[in-house]
Amino acid sequence: MSIVGGLEVFELDQGIADQLTEVSLNSSVQVRCGNSNSFMVTASTLIPLLQMFEMKGVYISASRGAAEVIQAFESVGIDVSQIQFIDLVSSGILGGTNIPYNNVHFVDSPIMLESILLRTLYILQTNQSERNFVFVDSVNALAIYNDDRMLAEYLHTFINTFRQQDVLSVILNVPDQTPPLVLSNLDLYCTDLVDRGQVVIH
Amino acid sequence: MQPAGMYSRDRCVTGVHGLDEILRGGIPYGSTVLAAGTCGSGKTTLGMEFLVRGANAGEACAHFTATEPSVKLLENIRQFAFFDMKMVDTGLINVFDMDVLYSWLGLEKSTFDLDDVHSLIKSIVDIVNTIGVTRLVIDSVTTLCYKIKSEQLIRDFLFTLGKKLATLGCTTILIAEITSATENAHWSSFGVEEAICDGIIVLGDIERMGHLLRFLQVVKMRGTSHSRAKHAIELTPLGVMLTPMLKWGAISDNVNRWGS
Amino acid sequence: MAKEIQFEAEDEEFFGKVGSFGVPKFDNEMRGGVPRGFTMIAFTDTGSGSELFAKQFVSPAEEAENTIYISTNEGQAEIVRIFQKYDWPLDINVRTIGEEYNSNVLEKELLASRYRLEGFRLEDIQRLAQTRFVDENNQDYLTEVTNEVMALGPYFRAVVDSLDFFLQRDDPARVVAMVRMLQAHAQMYRGLLFLTVSTDGLSPSIKQELASIADMVLSFQVRTIGTDFETSMMVSKFRNAPENLKILVFRVTPEEGITPETVERIA
């Protein structure tokens, strides 16, 4: 990664974009990444969705506060105006919800899984777009708070709900930190896999 | 001719996201449904959405409010994206303050006797009949029944009111305040409402790791098969939104902990 | 420190030390009239002529705008009829609490009965749906009357006929407190205040309390003698002038209204 003209520039993983051209709207894509490449993988997934396929979407931010995520995306030139964020982290920090973005919705906690689903459905209903995606960042963060069985059940419902509604779901996870029960369920229910879990160090 | 087994009652399609699916099409017309819930569980919002959706479909609706002033109530329903003040101006949504009604009927007293109860029923039925109300909400029946001291009189009141409104084809939601919505709780304050009503919708909260999640559960609905599962609720500008509650997360922490 | 009122010398000369009761013969019996600043309480029997005396008391109306007649029993029309009959001034302030109460409370009760018996009409329902607040029913007439009298200026003349209305609806202790305030106001402003209260149902302690506040106590009585009625008034207290205590038998004449006929001294 390098800095050019104030923007961080890094090499996008073109393979992800290529792979995404193959998926349909009612697909669910499991995106595996490692600890060190998660941002690159996330950006490489989002950019084609926003720029190539001109989709709108919901970004469920469980790993970091939405403001931080937005700033990170903006620092690499990603226009997030077409994304509505559901922030599961900032309500847990006093004053955390006092941020200057109007495309951020807050849910009190990552344990309120049903609220996250309903809030996503609500945003999608208000989105004036027929091409939508839902991005979960990440299963590992949700696993910190939620029981394995409940999380597995949730992802099952989540994936099926959006498949039924022709909304592309993209689920980010770091496989070696994901509970086995959850991981095996993801493997079972997701229609596609973008596997960048093995990080190659040059 | 429709085979006998295929008969199904006409439904009042509530329009509330998910509720009609739970009820397999809506509330059977003319039913009196008890919406019993703890404080902050979304009872009033559910009742108001039921009316606004009806008004959207051109139905005349009435709301009797005893728990909060109508001015506040009307302010609150403005948040619904599908609400239009014209609904009130054109008489599709009629909001009545119970204390004004009591005052007009000379019922500004702490206890109602049989005569008072009958004049109250007569007034409500009069209003429903005169303006052709097909959807009615009384918020709350608990506040109203506090003025009726005898259990028998409460039973008479609810039964007579329900019967008369059913005859007029009016589908009614009686909102009831309860202190607990757990499995062992009563779904009414006076113990008689639940037996008389055609349906019971329970609204409450589940505590999950220190957070309260709202839920809705249809416990009983005469005249239709329905889901009896707990559903999570989200109150949004698009109205009440429902999704089945996660099975592994449908039990309150307290219940797990104490087994009560 | 007590508030001091500055009286105009011109006013002092015009109003004098005493005012008329409105009944010349009675003024004579009371050695010229009633001292300015006096509060009078009349304990009355039904039909004893106290209502007429009360009206007659305001009839001198030295300053019409500073004179008020407050009635709790009669309507405006009835009061005007009496004033016209005796050719008393019609430009004084008149407030008819009873009439107001009837229109505010009793009419509402009547309407409630109609709603209960006949139900709501469409226009009633439309009005009901647009009514967001309950009409304030609990109008505090006692406070209003107190404020109204206390707003009068120096050398005022006021009648409240009668206190029964307030004693029946309010805590009697509040009514006594109101009378105390009015008495203080009358004294300070050299006003003349005439209050009536019927003896029926009046508790001895309240009667005692009212009598002790007043500067002058009258009792209006009626009794039958053979087939006739005899009306009389007894002056049982006259501050600093016990020689005025007496019983006066009176009759009502078309020319003079209350007209004392015979006098019996009791002190």
Side-chain angles (χ1 to χ4, degrees), chain A residues 58 60 62 84 86-93 102 105-128 134 139 141-165 167 169 179 181-182 185, chain B residues 15-22 40-42 45-46 49 52-53 56 79-83 181 202-218 227 229-257:
Chain A
V58 178
I60 298 166
Q84 296 289 318
I86 298 181
D87 183 333
L88 313 183
V89 178
S90 301
S91 295
I93 304 161
N102 56 13
H105 307 251
F106 298 97
V107 170
D108 278 357
S109 158
I111 63 117
M112 302 180 80
L113 296 170
E114 294 92 335
S115 294
I116 301 165
L117 177 65
L118 288 170
R119 188 49 62 124
T120 310
L121 288 170
Y122 161 69
I123 294 168
L124 291 174
Q125 278 195 39
T126 54
N127 250 358
Q128 302 293 317
V134 178
V139 169
L142 292 177
I144 298 169
Y145 299 90
N146 295 290
D147 173 75
D148 297 357
R149 291 173 305 187
M150 189 161 80
L151 186 55
E153 182 194 354
Y154 179 63
L155 291 169
H156 178 223
T157 308
F158 189 90
I159 289 165
N160 282 301
T161 300
F162 293 113
R163 286 193 64 188
Q164 210 175 44
Q165 300 204 2
V167 173
S169 51
L181 175 69
V182 177
N185 273 277
Chain B
V16 176
H17 170 97
L19 185 59
D20 294 316
E21 285 168 51
I22 294 171
S41 58
T45 310
L46 179 76
E49 186 177 353
V52 176
R53 297 284 184 193
N56 247 335
Q79 68 184 302
F80 287 142
F82 49 89
F83 174 74
V202 177
L203 295 108
D205 293 304
I206 276 183
E207 189 173 342
R208 192 184 287 165
M209 291 174 74
H211 290 272
L212 293 177
L213 276 98
R214 292 190 178 94
F215 77 85
L216 175 150
Q217 189 170 27
V218 178
S227 161
K230 272 185 183 152
H231 286 71
I233 302 182
E234 189 76 2
L235 307 178
T236 76
L238 293 179
V240 172
M241 294 183 78
L242 294 167
T243 190
M245 190 151 249
L246 296 169
K247 306 301 169 229
W248 289 106
I251 306 163
S252 224
D253 288 353
N254 290 337
V255 175
N256 279 339
R257 205 171 301 131

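Throughout, a chain's letter reflects where its sequence line sits, starting with A, and its residues are numbered from 1.
- Evaluation of the side chain to side chain donor-acceptor pair (under 3.5 Å) test over residues 112-122 of chain A, restricted to residues two or more places apart or in two chains, returns A/E114-B/R208, A/S115-B/E234, A/R119-B/E234.
- Other residues, nucleotides and ligands contribute at most 12 non-hydrogen atoms within 6.0 Å of the OH atom of A/Y145.
- Looking at B/H231, there are no atoms closer than 4.5 Å to chain A (heavy atoms on both sides), in backbone or side chain.
- Considering all non-hydrogen atoms of both residues, B/L212 and A/M112 come closest at O-CE, 3.4 Å.
- A/I111 contributes atom CD1, which lies 5.5 Å from atom CG of B/L213 (distance to the nearest 0.5 angstrom).
- Note that the CG atom of A/L117 and the CE atom of B/M241 stand 8.5 Å from one another [nearest 0.5 Å].
- Proximity to chain A (any heavy atom under 4.5 Å) is restricted, for B/P244, to the backbone atoms N, CA, C and O.
- Side-chain contact between A/L118 and B/T236 is absent, with no heavy atoms from C-beta onward closer than 4.5 Å.
- A/Q125 places no side-chain N or O within donor-acceptor distance of the main-chain N or O of B/L238, the cut-off being under 3.5 Å.
- Note: B/T243 OG1 to A/I116 CD1 = 12.0 Å, rounded to the nearest 0.5 Å.
- Residue A/L151: no heavy atom, backbone or side chain, is found under 4.5 Å from chain B.
- Atom CE of A/M150 sits about 6.0 Å away from atom CG of B/L246, to the nearest 0.5 Å.
- Once rounded to the nearest 0.5 Å, the distance linking CD of A/E153 with CH2 of B/W248 reads 8.5 Å.
- A 6.0 Å sphere centred on CD of B/Q79 holds more than 12 heavy atoms belonging to other residues, nucleotides or ligands.
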